[in-house]
Amino acid sequence: MKRLVLVAALAAVSACSEPATEATDEAAVEEPAAEEAAAMAADGGTPYGDFKVTTAEGEVWTEVVNEDGTYTSTSPTGETETGRWVQRGNQYCTTKDEEGATEVCHTESVDANGVWTAVDPEGNTVTVERVAAAE
């Protein structure tokens with residue numbers, strides 16, 4: 001009789017615990033996967049748009065960064081450079097459209113005064129400003 005009571009108790013416990021496990025499994029299946037956070041530029045805006053880039057020497061470049069992953073950079077003398085870009089956290093990485101080009105990443109930050117800077121791997125710093133697109 002003791003064995004029968006023990007078997008019945010074990011059966012009751014396992015019967016009670018199975019639905020809880022199934023409910024937990026179902027909840028895990030129904031929970032949506034977390035989406036990747038959208039890439040953002042250092043100023044909190046989209047990483048694409050039109051930008052004014054000023055070197056430490058005072059040269060002003062314009063950079064048009066397209067949503068499709070391409071960019072065009074124009075020097076103060078009007079020469080252009082094209083390529084592809086990607087935003088990885090606080091790094092803006094570019095690869096020029098020329099044979100043998102390698103990716104170069106610039107570390108971006110905004111200081112306490114709201115000044116947005118980007119530093120290349122050699123330590124050169126530029127100031128970046130988002131500008132309205134030309135119409």
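Values reported hereafter were calculated over all heavy atoms of this structure, with side chains retained and with hydrogens, waters and symmetry mates removed. Note that the numbering runs from 1 along the sequence shown for the chain. Note that this is a predicted model, so its numbers are computed, not measured.
In this structure, H106 and Y92 have tilted ring planes: the angle between them lies in the 30° to 60° band.
Not one N or O on the side chain of E99 forms a donor-acceptor pair closer than 3.5 Å with the backbone of A101. Proximity of a side-chain donor or acceptor of W61 to a complementary backbone N or O of S75 within less than 3.5 Å is not detected. Not one N or O on the side chain of N66 forms a donor-acceptor pair closer than 3.5 Å with the backbone of D68. Remark: side-chain polar atoms of D111 are paired, donor with acceptor, to backbone N or O of N113 under 3.5 angstrom.
Test T62, V64, V65 against D50 for side-chain contact (heavy atoms from CB on, under 4.5 Å) and you get one pass: V64.
The nearest pair of heavy atoms linking F51 to T46 is CZ-O, 4.4 Å. Taking both residues in full, the closest heavy atoms of E108 and A118 are given as CG-CB, 4.1 Å, listed atom of the first, atom of the second, then distance. V60 approaches P76 most closely through the heavy-atom pair O-CG, 3.3 Å. Between T54 and K52, the shortest heavy-atom distance links the atoms OG1-CE, 3.9 Å. Between E81 and K96 the shortest heavy-atom distance is OE1-CE, 3.2 Å. Nearest heavy atom pair, residue P47 against residue Q87, reads CB-OE1, 3.6 Å.
In the displayed structure, E67 atom CD is contacted under 6.0 Å by at most 12 heavy atoms of other residues, nucleotides or ligands.
Residue pairs meeting the disulfide bond (SG atoms under 2.5 Å apart) criterion with at least one partner in residues 88-124, sequence neighbours excluded, are C93-C105.
Here D120 contributes atom CG and T107 contributes atom OG1; the two are 9.0 Å apart, rounded to the nearest 0.5 Å. Here the CD-OG1 distance, from E79 to T74, works out to 10.0 Å after rounding to the nearest 0.5 Å.
The shortest side-chain heavy-atom distance between P121 and V104 falls under the 4.5 Å cut-off.
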Quick one: do N124 and V126 satisfy side-chain contact (heavy atoms from CB on, under 4.5 Å)? Show the steps, please. CA-CA 7 Å; N124 300 309; V126 297; 6.0 Å; no

